[in-house]
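Everything numeric here is computed off the predicted structure, so don't read it as measured data. Residues take their numbers from the sequence shown, with the count starting at 1.
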Amino acid sequence: MKILIYGAGTIGSIFAGRLALSGYDITVLARGTRLVELKQNGVILVNPGNNREEIAKVNLIEHLLPDNIFDYIIVVMQKTQIGSVLPILSQNISKNIVFVVNTASGYDEWVHAVGSDRLMLGFPSAGGERVDGRVHYFIGKGFMRAFQSTTFSEYSGQKTERLQKIVDIFNSAGISSVVTSNMDMWQKTHVAMVTSIGNALYKHNSNNFALAKSYADIKLMVLGIKEGFAVLTKLGIKITPSKLHYLKLPVFMIAPIFKIIMGTKFAETAMAKHTAAAKPEMICLQEEFDMLIKKSNVATPSIDKLRKNLSKDDSPIV
C-alpha cells in the first residue's frame with residue numbers, strides 16, 4: 001500500500017506522520033523550506049497533551065510525475081492553492097485521488113481534471129500548528145467528534161471497497177474516520193459553520209480566549225450559524241452529518257456551550273490558529289457561501305455583521 005500525501009502543511013504532516021508510524025509506505029510531496037526540514041528531521045509530531053515527540057521517516061518527492069503510481073494520492077491543501085495542482089494531477093495515472101480540501105462550491109473542476117471515476121473526497125477532524133519544523137497537533141476524538149469526524153466519501157456517493165479501505169487505513173493509524181454518502185452537503189454544512197466562527201474570531205484578532213469573554217459576540221456567531229443552516233435548508237441541502245441538528249436548539253441553550261468551548265486550548269489549536277494562518281482561504285470560503293446566500297434569497301443580518309470582521313483587512317493575520 002503506497003500512499004502519497006500531496007502537501008506538507010499541518011494536516012498533511014499529521015496524516016503522513018500518523019500513517020507512517022502505523023507502518024504504511026508514505027511519500028510526501030513538499031517544496032522549499034518544508035522539504036529541507038523533512039529531509040533533515042522527518043515528520044515531527046508533538047502531542048499537545050503531554051508534549052511527547054514522535055518522529056516518522058517518510059519518502060520525499062518535490063514533483064509528481066505522470067508515471068508515479070500510488071494506491072492513493074491524498075491532496076491536502078487550501079482551496080486557494082488547488083488550481084495550480086489540477087493540471088499535474090490530471091496527467092498522473094494513479095487510480096484513487098482523494099481531495100481533502102475545504103470548499104462550498106462543488107467539485108466540477110476536480111471532476112474535469114481527474115475524472116469522476118478517480119475522484120474521492122475527504123475532510124479531517126484534526127488541526128494544529130507548525131513551529132520550528134514541529135507539528136503540534138490534535139486529532140478529533142471524544143467530545144470533539146460532536147462537531148466533526150474525519151470523513152471520506154466517493155464522489156458518486158456509493159459505498160465501495162476502496163472507500164472502506166481508506167477508512168480502515170486511517171482508523172488503524174488512530175485517526176477515527178467515518179463515511180458519508182454526500183460530501184457536498186457535508187462540506188457546505190461545514191462552511192456554514194466555520195465562516196461564522198472564523199469571522200467572530202477575526203473581530204478578536206483570532207484570539208479565542210478574548211472571544212470567549214464576549215457573550216454578545218458568541219451569540220452573534222451562533223445566530224450566523226443558524227442563518228447559514230437556513231440558507232442550506234432553503235436550497236434543499238440537508239444539514240450533514242445529522243448529529244449537527246443540535247445547533248437548531250435555541251440560542252440561549254447553544255451560546256453558553258460555545259462560550260465554554262471557545263475558552264479552551266482545543267479552540268485555540270483547532271480553530272483560532274487556523275483562522276490566523278489561513279485568512280485568504282477564509283475569504284474564499286465566505287465568497288463561496290455568499291453565492292449560496294444570494295441564490296437562496298434568505299436574509300442573513302448576523303452573517304452580514306460578521307462578514308465585516310473578515311473584510312477589515314485582506315491580508316493574513318500575523
Is any side-chain heavy atom of [X] closer than 4.5 Å to a side-chain heavy atom of [Y]?
X: P241; Y: T180; value: no
X: L35; Y: K39; value: yes
X: N51; Y: V46; value: yes
X: I69; Y: K95; value: no
X: L64; Y: F70; value: yes
X: W186; Y: S153; value: no
X: E154; Y: K159; value: no
X: I5; Y: V58; value: no

Using atom types as modelled and distance alone, determine if a side-chain donor or acceptor of [X] lies under 3.5 Å from a backbone N or O of [Y].
X: K234; Y: S296; answer: yes
X: T240; Y: K238; answer: yes
X: S177; Y: N171; answer: no
X: S105; Y: E288; answer: no
X: T80; Y: E281; answer: no
X: N208; Y: T264; answer: yes
X: R130; Y: V135; answer: no

Please check if any side-chain donor atom of [X] sits under 3.5 Å from a side-chain acceptor atom of [Y], or the reverse.
X: Y137; Y: S13; answer: no
X: N199; Y: Q286; answer: yes
X: D25; Y: N59; answer: yes
X: T275; Y: S206; answer: yes

For residues [X] and [Y], report the shortest heavy-atom separation together with the two atoms involved.
X: I293; Y: R307; value: CD1-NH2, 4.0 Å
X: G127; Y: I14; value: O-CD1, 3.5 Å
X: M282; Y: Y202; value: CG-OH, 3.3 Å
X: N41; Y: I44; value: CB-CD1, 3.8 Å
X: M77; Y: Q81; value: CB-OE1, 3.2 Å
X: M193; Y: L244; value: SD-CD1, 3.7 Å

Got a second to check how far [X]'s [atom1] is from [Y]'s [atom2], nearest 0.5 Å?
X: R162; Y: K165; atom1: CZ; atom2: NZ; answer: 11.0 Å
X: K57; Y: L21; atom1: NZ; atom2: CG; answer: 11.5 Å
X: K2; Y: S94; atom1: NZ; atom2: OG; answer: 9.0 Å
X: I26; Y: R18; atom1: CD1; atom2: CZ; answer: 12.0 Å
X: N92; Y: L4; atom1: CG; atom2: CG; answer: 8.0 Å
X: K213; Y: F209; atom1: NZ; atom2: CZ; answer: 9.5 Å

request  = Could you walk me through whether Y155 and M183 pass the side-chain contact (heavy atoms from CB on, under 4.5 Å) test, one step at a time?
outcome  = CA-CA 8 Å; Y155 171 70; M183 183 59 88; over 6 Å; no
request  = I would like to know whether M262 and I197 meet side-chain contact (heavy atoms from CB on, under 4.5 Å); could you show each step before the answer?
outcome  = CA-CA 10 Å; M262 282 297 165; I197 292 171; 3.6 Å; yes
[X] [atom1]: over 12 foreign heavy atoms closer than 6.0 Å:
X: N50; atom1: CG; answer: yes
X: H245; atom1: NE2; answer: yes
X: E109; atom1: CD; answer: no
X: N297; atom1: CG; answer: no
X: M1; atom1: CE; answer: yes

side-chain contact (heavy atoms from CB on, under 4.5 Å) evaluation trace for I3 with I169 = CA-CA 10 Å; I3 300 172; I169 288 168; 4.2 Å; yes
inquiry  = Do K259 and Y215 form a cation-pi contact, if we require the NZ or CZ to be under 6.0 Å from the six-membered ring centre and within 45 degrees of the ring's axis?
reply    = no
ask   = Do the rings of Y107 and W110 sit parallel, tilted or perpendicular, given the 30° and 60° boundaries?
value =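 Tilted, since the angle between the ring planes falls between 30° and 60°.
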Can you list, pair by pair, the side-chain donor-acceptor contacts under 3.5 Å of residues 217-233, counting residues two or more places apart and other chains?
from	atom 1	to	atom 2	distance (Å)
D217	OD1	K203	NZ	3.1
D217	OD2	K203	NZ	3.4
D217	OD2	H204	NE2	2.8
D217	OD2	S214	OG	3.1
K226	NZ	L247	O	2.9
K226	NZ	K248	O	3.2
K226	NZ	L249	O	2.5
E227	OE1	S302	N	3.1
E227	OE1	I303	N	3.0
E227	OE2	S302	N	3.0
E227	OE2	S302	OG	3.1
T233	OG1	F229	O	2.9

ask   = side chain to side chain contact (heavy atoms under 4.5 Å, CB included) with N182: which residues, sequence neighbours excluded?
value = D184, M185
inquiry  = Would R118 and L89 count as a side-chain contact (heavy atoms from CB on, under 4.5 Å) here? Give the steps.
reply    = CA-CA 11 Å; R118 293 201 293 163; L89 293 168; 5.9 Å; no
Are [Y] and [X] connected into the same hydrophobic cluster when the rule is that any two of I, L, V, M, F, W, Y join if their side-chain heavy atoms are below 4.5 Å apart?
X: L86; Y: L121; answer: yes
X: Y246; Y: F266; answer: yes
X: I283; Y: L306; answer: no
X: I74; Y: L65; answer: no
X: L285; Y: L235; answer: yes

ask   = Does the ring center of F170 lie less than 6.0 Å from the ring center of F152?
value = yes
